[in-house]
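Read the structure below first, then the notes.
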Amino acid sequence: MGEAPAFLFDDLQNGYENELDLVCSGKETTIVVGKTKYVIGGYDDSALSLGVKVFDNSIGKWVYPKVLGTKPTVSSDHWALPLCEDRILVIKNGSTAGDSIWFLEVDTPIVRQQSKVLGSKVVAWSKGVKGYAGKPIIISGPSGVGKGTLIAKLMKEFPSMFGFSVSHTTRAPRVKETDGVHYHFTNHSVMEQEIKDGKFLEFASVHGNLYGTSIEAVEVVADAGKRCILDIDVQGARSVRASSLDAIFIFICPPSFEELEKRLRSRGSETEEQIQKRLRNAKGELDQARLPGLFDHILVNDDLETCYKSLKNLLGLHDFADNTYESVPKKFGLPLVHSVSKVGSEIYINSGAADLQNAKNSFVLDVSSRKGGAPGRTRGLDLYPICPFGGFADRIEDLS
Ligand SMILES: Nc1nc2c(ncn2[C@@H]2O[C@H](COP(=O)(O)OP(=O)(O)O)[C@@H](O)[C@H]2O)c(=O)[nH]1
Ligand SMILES: Nc1ncnc2c1ncn2[C@@H]1O[C@H](COP(=O)(O)OP(=O)(O)O)[C@@H](O)[C@H]1O
């Protein structure tokens with residue numbers, strides 16, 4: 001790991017309007033935001049991803065902050081520059097499409113909130129992605145009501161439109177379940193550590209086991225241009241309601257308790273003790289589902305085909321064939337980057353030409369419509385090649 005350049009706090013500047021504000025030193029970039037200095041690069045302790053260290057003015061020492069979100073892998077080189085006072089834009093060189101543009105959040109609401117909770121310096125990575133994702137769909141309901149059956153039907157009929165959020169759980173796999181497909185099967189100590197590391201959008205203890213939706217589970221579905229379906233319990237639905245994820249909340253009800261019990265037994269995947277526990281919990285779940293403001297729609301799953309039709313109707317899918325749905329590519333790729341500069345609110349990326357006039361290898365990265373952020377994805381970015389004769393060429397879908 002290279003040494004950070006010598007540094008005097010009195011020398012800190014606050015305005016960053018041009019290329020001079022970028023300080024590159026081999027594999028490390030040094031960026032000043034407000035009164036704090038960040039060094040991005042080198043390697044973190046896993047030696048696989050970009051490291052971050054911060055000069056803490058109050059103690060006059062370098063500190064390694066707690067880093068939230070999926071970290072960018074190490075690249076041969078990268079560029080970094082501050083965007084506003086709360087985040088740093090990082091552009092990786094020679095990386096694959098979908099892995100070029102990153103944001104390191106240093107003073108956003110989530111970073112401030114996590115700093116308070118953890119009592120230490122926190123930063124958070126977010127990957128830059130084109131376009132927006134469709135609203136995720138939350139499906140909740142008591143065990144045995146038919147959530148899995150309905151979701152499987154939807155995914156089978158509309159394979160290119162929907163993707164399933166693969167949860168983590170500490171419960172044992174059932175005979176026909178596959179790790180990484182139905183669930184990520186894990187154990188208590190690993191999952192508890194990952195919860196502390198901020199990896200989960202929500203988690204809950206259900207029927208005696210831990211279940212949780214990782215941020216990554218939702219984001220990979222959106223990255224593939226699909227709408228994410230989450231099968232989570234009522235507590236999880238409440239946590240997602242309180243989060244920044246804008247979703248549609250659907251609760252599936254059984255026609256009767258007797259029928260629910262019959263379905264649970266006919267599935268044959270639980271012991272008698274587990275069935276009793278699930279039936280006891282079902283009463284509480286049905287009560288909570290009726291509370292105002294949690295679920296947008298409640299569907300009774302009596303006849304399966306009728307319920308499935310209602311589900312498709314409320315998702316606006318009645319006359320929809322899967323082949324009429326086009327998923328939009330959402331990945332960025334960039335040729336080798338020679339320089340990056342910020343002029344006003346625009347980021348100029350120069351990939352070969354020595355100056356901006358001779359601009360056939362130059363691009364503008366538009367971050368003005370960005371949405372979302374750490375930990376996860378910053379969506380809604382756009383990338384335009386600059387035409388040599390003035391104006392912008394059409395937006396580029398994928399440069400790789
Ligand atoms: N909060 C939360 N609940 C989950 C998650 N994944 C599954 N669940 C819920 O956990 C409960 C038990 O799921 P499972 O063990 O697969 O049993 P099943 O519902 O009987 O098929 C169900 O209510 C699921 O909706 C998750 O990631 N978060
Ligand atoms: N409308 C329905 N009528 C009768 N049986 C159903 C219906 N919906 C689902 N089932 C059956 O009930 C059992 C439980 O369904 P499942 O989808 O596993 O529930 P969940 O995912 O909510 O726990 C399965 O054997 C399934 O085939």
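Only this structure's heavy atoms are used, side chains among them; waters, hydrogens and symmetry mates stay out. Ligands are counted one by one from 1 in listed order, and the atoms in each one are counted from 1 as well.
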Examine the proximity of ligand 1 to [X] and report which part, side chain or backbone, both or neither, has a heavy atom under 4.0 Å away.
{"X": "Arg238", "answer": "neither"}
{"X": "Lys147", "answer": "side chain"}
{"X": "Glu270", "answer": "neither"}

Would you please say whether a donor-acceptor pair under 3.5 Å links the side chains of [X] and [Y]?
{"X": "Thr378", "Y": "Ser126", "value": "yes"}
{"X": "Thr29", "Y": "His78", "value": "yes"}
{"X": "Thr70", "Y": "Lys199", "value": "no"}

Any heavy atom of [X] sitting closer than 4.0 Å to ligand 2?
{"X": "Gly144", "result": "yes"}
{"X": "Gly141", "result": "no"}
{"X": "Ile151", "result": "no"}
{"X": "Ser269", "result": "no"}

Please determine if [X] has a nitrogen or oxygen closer than 3.5 Å to a nitrogen or oxygen of ligand 1.
{"X": "Gly212", "result": "yes"}
{"X": "Glu285", "result": "no"}
{"X": "Tyr183", "result": "yes"}
{"X": "His207", "result": "no"}
{"X": "Asp233", "result": "yes"}

Per-atom contacts of ligand 1 with [X], taking only distances under 4.0 Å to non-hydrogen atoms:
{"X": "Asp231", "value": "4 (C), 5 (C), 6 (N), 7 (C), 8 (N), 24 (C), 25 (O)"}
{"X": "Arg171", "value": "14 (P), 15 (O), 16 (O)"}
{"X": "Thr213", "value": "26 (C), 27 (O)"}
{"X": "Ser143", "value": "18 (P), 19 (O), 20 (O)"}
{"X": "Val206", "value": "10 (O), 11 (C)"}
{"X": "Ala204", "value": "1 (N)"}
{"X": "Gly236", "value": "1 (N)"}

Report yes or no: is the cationic atom of Lys226 (NZ for Lys, CZ for Arg) closer than 6.0 Å to the six-membered ring centre of Phe162, at no more than 45° off its axis? no
For the residue pair Lys71 and Trp125, would you count it as a cation-pi contact if the rule is NZ or CZ under 6.0 angstrom from the ring centre and within 45 degrees of the ring axis? no
How does Cys307 reach ligand 2, if at all, at less than 4.0 Å between non-hydrogen atoms: by side chain, backbone, both, or neither? neither
Starting from atom 19 (O) of ligand 2, find the nearest protein heavy-atom neighbour and note its residue, name and distance. Gly146 N, 3.1 Å
Nearest non-hydrogen protein atom to atom 27 (O) of ligand 1, with distance, is Ser167 OG, 2.6 Å
Among Arg263, Arg265, Arg278, whose heavy atom sits nearest atom 10 (N) of ligand 2? Arg263
Where the closest heavy atom to atom 8 (N) of ligand 2 is concerned, which of Thr149, Asp302, Asn301 has it? Asn301
Any heavy atom of [X] sitting closer than 4.0 Å to ligand 1?
{"X": "Gly148", "answer": "no"}
{"X": "Arg278", "answer": "yes"}
{"X": "Arg267", "answer": "yes"}
{"X": "Gln235", "answer": "no"}

Any idea which heavy atoms bring Lys92 and Pro72 closest together, and the distance? CD-CB, 4.0 Å
Tell me whether the centres of the aromatic rings in Phe200 and His168 are closer together than 6.0 Å. yes
Side chain of Asp56, backbone of Val63: donor and acceptor closer than 3.5 Å? no
Geometry only, no angles: is Asp303 polar-contacting ligand 2 at N/O separations under 3.5 Å? no
